[in-house]
Amino acid sequence: MSGGALINGCRRSLLSPCFFFKSISSSIECRQNHQMSNAYAPLPQAQTNPSSSSPFQSKLLRILSSEIQYQRDYAPPHQIWKNTEYLTKVEIDGVIIVRKCSVASTQPLTEFDRFIVEDRPGEQWIRLSSKSAEDENIKIEATMFDGFIIAQKSGDRGTQENVQLHISMSIDIWKGEGTNTMKFVCSAWPDSLEIQKVFMFRHDEPPARLYMGPHFKNLNSKLQTGFYQFLNSKGVNDGLSKFLHKYMMNKDRVELIQWLGKMQLVPMAIGTCEEM
């Protein structure tokens, strides 16, 4: 797993209900203030002429280019399908520098089972949407990996630690405008879906502070089973969790390579500041 996907530090408290709701809420808030760009739009990978760059700039660009190539060769994202090259002109302190850039064009998956998949390029979440047989609207928002637990796994070599990555999910189900919405806050584990909270709110007027009901595991076992069966009838089940983990593994690599491509512009900015 690349450094962008595995959480860099401490283990989070995945059993806290607030953790899931805040994770989803923060993603929604970011969406409202973020201008979405084409997620899989071409990103420049600058290759400079050594004579027009400082040794520091050239070295950093070589390191970045090498890292991008390594990431693509080691575990290339499934979506990458085409590489093209183009020239760009950059003016630094009155001097025009021509840079040769390569581009990785990508095409994300757009469907899974009955759901339409909407990737959010440059963001840490995706959306899935669908219509049920009862003409209900189903909207799912899922984060990239936002935590993990260490599970003990027994094998021929004794007990070993097994890292299980976590994805937060928010599932809204409603019939039409102005109607009540049933929201599920869930955990998507590598092989299973786990409900954390269930509550109702008006789709057009989500309250700022809402009582989200008791912890799901405290409900009657028959009621728990009923909610799982309800979600399964909408296509929200363990199979969806498995899909999300595969999708996010791939998205993590795409986002990392896109980020490295953007970082190739940093040496040029540094060089400009040094000359000022």
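Side-chain atoms are counted along with the backbone in the values below, which use heavy atoms only and exclude waters and symmetry mates.
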> Under a 4.5 Å cut-off applied to non-hydrogen side-chain atoms, are Met169 and Ile140 in contact?
Replying inline: yes
> Hey, what do you get for CZ (Arg127) to CZ (Phe115), rounding to the nearest 0.5 Å?
Replying inline: 13.5 Å
>> Taking salt bridge (Lys or Arg N to Asp or Glu O under 4.0 Å) as the definition, give me every residue that meets it alongside Lys242, ordered by chain and number, with sequence neighbours left out.
In response: none
>> If you compare all heavy atoms of Ser187 against all heavy atoms of Gln196, which two are closest, and at what distance to 0.1 Å?
In response: OG-NE2, 3.3 Å
> Do any N or O atoms from the side chain of Arg253 and from the backbone of Gln71 form a donor-acceptor pair under 3.5 angstrom?
Replying inline: yes
> Do Asn137 and Lys131 get their side chains close enough for a donor-acceptor pair, meaning under 3.5 Å?
Replying inline: yes
>> Which heavy atom of Val117 sits nearest to which heavy atom of Phe112, and what is that distance?
In response: CG2-N, 3.9 Å
> Does a donor on one side chain sit under 3.5 Å from an acceptor on the other, for Ser168 and Asp146?
Replying inline: yes
>> Within this structure, what is the CD1-NZ distance for the pair Ile195 and Lys217, rounded to the nearest 0.5 Å?
In response: 11.5 Å
> Which heavy atom of Ile126 sits nearest a heavy atom of Asp119, and at what distance?
Replying inline: CG2-OD1, 3.5 Å
>> If you compare all heavy atoms of Ser170 against all heavy atoms of Lys183, which two are closest, and at what distance to 0.1 Å?
In response: OG-NZ, 2.7 Å
>> According to side chain to side chain donor-acceptor pair (under 3.5 Å), does anything in residues 222-234 pair up with another residue at least two apart or in another chain? List the pairs.
In response: Glu134-Lys234, Glu136-Lys234, Asn232-Asn237
> Out of curiosity, does Ile116 fall in the hydrophobic cluster containing Tyr247 (side-chain heavy atoms, cut-off under 4.5 Å, transitive links)?
Replying inline: no
> Hey, is the main chain of Trp189 close enough, under 3.5 Å, to the side chain of Ser192 for a donor-acceptor pair?
Replying inline: no
> Does Phe227 belong to the same Ile/Leu/Val/Met/Phe/Trp/Tyr cluster as Tyr211, with side-chain heavy atoms less than 4.5 Å apart forming each link?
Replying inline: no
> Which residues pass the side chain to side chain contact (heavy atoms under 4.5 Å, CB included) test with Glu111, sequence neighbours left out?
Replying inline: none
> Can you get from Leu223 to Val236 by hopping between Ile, Leu, Val, Met, Phe, Trp and Tyr side chains that sit under 4.5 Å apart?
Replying inline: yes
>> Between the side chains of Glu118 and Arg120, is the shortest nitrogen-to-carboxylate-oxygen separation below 4.0 Å, so that they form an ion pair?
In response: yes
> So how far is it from Leu210 CG to Met200 CE, rounded to the nearest 0.5 Å?
Replying inline: 10.5 Å
>> I want to check something: taking the side chain as every heavy atom from C-beta on, are Thr181 and Ile173 in contact at a cut-off of under 4.5 Å?
In response: no
>> Just so I know, are the side chains of Gln164 and Asn162 near enough to count as touching, which here means a heavy-atom distance under 4.5 Å?
In response: yes
> Could you go step by step and tell me if Leu240 and Asp113 meet the side chain to side chain contact (heavy atoms under 4.5 Å, CB included) rule?
Replying inline: CA-CA 9 Å; Leu240 179 60; Asp113 195 14; over 6 Å; no
> Is there a donor-acceptor pair closer than 3.5 Å between any side-chain N or O of Ser130 and the backbone N or O of Arg114?
Replying inline: yes
> Under 4.5 Å between any side-chain heavy atoms of Met144 and Asp252, yes or no?
Replying inline: yes
> Are Ile68 and Ile63 in one and the same hydrophobic cluster, where Ile, Leu, Val, Met, Phe, Trp and Tyr link if side-chain heavy atoms are under 4.5 Å apart?
Replying inline: no
> What distance do Ile138 atom CD1 and Leu128 atom CG have between them, rounded to the nearest 0.5 Å?
Replying inline: 10.5 Å
>> Evaluate Phe201 against Trp174 for side chain to side chain contact (heavy atoms under 4.5 Å, CB included), listing each step before the verdict.
In response: CA-CA 10 Å; Phe201 70 95; Trp174 74 98; over 6 Å; no
> Is there a side-chain contact between Val185 and Phe199, using heavy atoms and a 4.5 Å cut-off?
Replying inline: yes
> Just wondering, do Ile149 and His166 contact through their side chains at under 4.5 Å, heavy atoms?
Replying inline: no
>> On a heavy-atom basis, which atom in Trp125 and which in Lys251 lie closest, and how many Å separate them?
In response: O-CE, 4.0 Å
> Does the side chain of Trp259 reach to within under 4.5 Å of the side chain of Lys262, using non-hydrogen atoms?
Replying inline: no
> Nearest 0.5 Å, what's the CG-SG distance between Leu244 and Cys186?
Replying inline: 11.0 Å
> Does the His245 side chain pair with the main chain of Ala188, one donor and one acceptor, at a distance under 3.5 Å?
Replying inline: yes
>> To the nearest 0.5 Å, what is the distance between CG on Asp238 and CG on Asp191?
In response: 8.0 Å
>> With side chain to side chain contact (heavy atoms under 4.5 Å, CB included) as the criterion, how do Phe184 and Leu193 come out once you've worked through the C-alpha distance, each side chain's angles and the decisive distance to 0.1 Å?
In response: CA-CA 11 Å; Phe184 291 81; Leu193 178 77; over 6 Å; no
> How close do His215 and Lys197 get, heavy atom to heavy atom, and via which atoms?
Replying inline: N-NZ, 3.4 Å
